[in-house]
Amino acid sequence: MISPGAAEWRELETIWVPAGAGGQRPFRLGRTPVTNADYAPFLADGGGAEPPWWTDAAFRAPDQPVVGVTWSEAVDFAAWVSQATGGGWRLPAAAEWEWAARGGLVNAATPWGDSLPEGEVPTGPLAAPWRVSRGTPNGYGLMDMGTIIHEWCSDVLPDPRAPEGERRVSCGGSWRHRVRWSPPAARSSLPPSYRYADYGFRVLREVSP
């Protein structure tokens with residue numbers, strides 16, 4: 001059962017991603033990155049602190065991706081959804097994210113083929129991330145794969161130079177970059193406690209074999 005503080009929460013929309021080579025099991029992945037509207041009930045239920053840009057007028061539209069979330073807060077959100085629904089929710093591994101982003105096009109340069117669809121990524125100066133679902137779904141029906149924001153994944157990278165001694169992998173592009181998309185295989189990483197205005201996440205729901 002969803003707790004009283006989360007009474008307004010609605011179940012996240014997910015897309016079926018089929019099994020892949022090398023023993024990759026099927027799963028369901030969030031159709032879009034987690035949005036402000038998705039994240040608000042988690043905050044109302046005491047799940048975490050408001051991200052730094054939470055009250056910024058440029059960042060607070062309900063259908064913008066939530067940003068400024070640490071890796072641990074993203075993990076906590078997935079655990080909160082699991083408790084609310086009884087399902088197994090978590091961050092995707094980078095390999096799972098990449099497989100989903102490819103949309104069945106194993107060797108393509110982008111989630112849509114050799115190039116991005118016309119208008120997939122806004123041009124010109126931006127003050128904040130654009131709203132989710134403005135573009136074209138990939139072959140599996142997933143939106144915004146590789147664009148808008150870097151998305152936290154579950155993978156850990158040891159790094160003795162990092163404050164916590166390790167980093168966490170992320171996938172996807174960024175509204176802040178000159179080139180606002182990344183190919184499916186691209187990876188970034190950050191220490192898990194860092195907050196950036198172009199870092200968010202989407203969640204994976206495990207399915208029965």
Side-chain angles (χ1 to χ4, degrees), residues 1-20 23-51 54 62-103 111 129 132-133 137-138 140-146 148-156 166 168-172 184 187-190 192-195 199-209:
M1 293 292 292
I2 299 171
S3 59
E8 299 302 316
W9 185 79
R10 53 183 173 75
E11 187 163 342
L12 302 173
E13 184 178 0
T14 60
I15 298 292
W16 174 267
V17 178
Q24 175 68 64
R25 295 177 56 183
F27 54 88
R28 300 190 69 90
L29 190 66
R31 180 175 172 270
T32 71
V34 172
T35 65
N36 291 326
D38 298 326
Y39 202 70
F42 169 70
L43 294 181
D45 204 35
E50 291 183 356
W54 187 251
D63 55 352
Q64 281 178 293
V66 64
V67 295
V69 175
T70 69
W71 182 87
S72 295
E73 288 167 344
V75 170
D76 289 345
F77 175 85
W80 178 83
V81 176
S82 293
Q83 184 177 22
T85 65
W89 297 77
R90 58 177 173 83
L91 294 181
E96 293 170 324
W97 191 100
E98 178 182 346
W99 175 252
R102 292 191 177 281
V132 303
S133 297
N138 75 354
Y140 293 148
L142 295 161
M143 305 295 294
D144 315 306
M145 295 297 288
I148 312 185
I149 55 169
H150 301 297
E151 299 181 19
W152 288 117
C153 295
S154 61
D155 309 59
V156 178
E166 57 189 25
R168 297 294 190 275
V169 172
S170 62
C171 296
R187 304 282 191 273
S188 302
S189 67
L190 275 183
S193 62
Y194 280 28
R195 299 179 184 273
Y199 259 75
F201 65 104
R202 73 178 77 206
V203 286
L204 177 152
R205 186 170 196 172
E206 297 174 339
V207 299
S208 300

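Here, residue 1 is the first one in the sequence, and each next residue gets the next number.
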Next item on the list: Would you indicate whether the side-chain heavy atoms of P51 and V66 approach each other to under 4.5 Å?
Entry: yes
Note to self: Do P184 and P111 make a side-chain contact, defined as non-hydrogen atoms from C-beta onward lying under 4.5 Å apart?
What the structure shows: yes
Note to self: Quick one, M143 with E13, criterion side-chain contact (heavy atoms from CB on, under 4.5 Å). Give me CA distance, side-chain angles, the key distance, then yes/no.
What the structure shows: CA-CA 11 Å; M143 305 295 294; E13 184 178 0; over 6 Å; no
Notebook entry, point to check: Roughly how far, to the nearest 0.5 Å, is CG of L29 from CD of E151?
Noted result: 7.5 Å
Next item on the list: Would you check, one step at a time, whether the test side-chain contact (heavy atoms from CB on, under 4.5 Å) holds for V203 with V81?
Entry: CA-CA 10 Å; V203 286; V81 176; 5.8 Å; no
Check: Which heavy atom in P65 sits nearest to a heavy atom in I148, and how many Å separate them?
Finding: CG-CG2, 3.6 Å
Check: Less than 4.5 Å apart, any side-chain heavy atom of P33 and any of D144?
Finding: yes
Next item on the list: To the nearest 0.5 Å, tell me how far E73 CD sits from W152 CH2.
Entry: 10.0 Å
Check: Do any N or O atoms from the side chain of Q64 and from the backbone of P129 form a donor-acceptor pair under 3.5 angstrom?
Finding: yes
Margin query: If I take atom CZ from residue R28 and atom CG from residue L142, how far apart are they, to the nearest 0.5 angstrom?
Written below: 10.0 Å
Notebook entry, point to check: Salt bridge between E206 and R25, side-chain N to carboxylate O under 4.0 Å?
Noted result: no
Item checked: Closest non-hydrogen atom pair between A94 and V169, with its separation -> CB-CG1, 3.9 Å
Notebook entry, point to check: Closest approach of G200 and I149, non-hydrogen atoms and distance?
Noted result: CA-CD1, 3.6 Å
Check: Between CZ of F77 and CG of D45, what distance do you get to the nearest 0.5 Å?
Finding: 11.5 Å
Margin query: Tell me the closest heavy-atom pair linking G30 and R202, and the distance in Å.
Written below: O-NH1, 3.0 Å
Notebook entry, point to check: Is there a side-chain contact between L12 and T85, using heavy atoms and a 4.5 Å cut-off?
Noted result: no
Next item on the list: Kindly give the heavy-atom pair with the smallest separation between E96 and Q24, and that separation in Å.
Entry: CG-NE2, 3.4 Å
Notebook entry, point to check: Looking at side-chain heavy atoms only, is the closest gap between Y39 and V69 below 4.5 Å?
Noted result: yes
Next item on the list: Take R187 and C171 through the test side-chain contact (heavy atoms from CB on, under 4.5 Å) and record every step on the way to the result.
Entry: CA-CA 5 Å; R187 304 282 191 273; C171 296; 3.8 Å; yes
Item checked: V75 side chain reached by R168 side chain, heavy atoms, under 4.5 Å -> no
Check: Do the side chains of W16 and V207 get nearer than 4.5 Å, heavy atoms only?
Finding: yes
Notebook entry, point to check: Would a 4.5 Å heavy-atom cut-off, applied to side chains only, mark Y140 and P18 as touching?
Noted result: yes
Item checked: Rounded distance [0.5 Å steps], CH2 in W97 versus OG in S154 -> 13.5 Å
Next item on the list: With rounding to the nearest 0.5 Å, note down the distance linking CH2 in W71 to CZ in R195.
Entry: 14.5 Å
Margin query: Is the ring pair H150/Y199 parallel, tilted or perpendicular, if the boundaries are 30 and 60 degrees?
Written below: tilted
Notebook entry, point to check: Which pair of heavy atoms, one from A74 and one from L91, lies closest together, and at what distance?
Noted result: CB-CD2, 4.0 Å
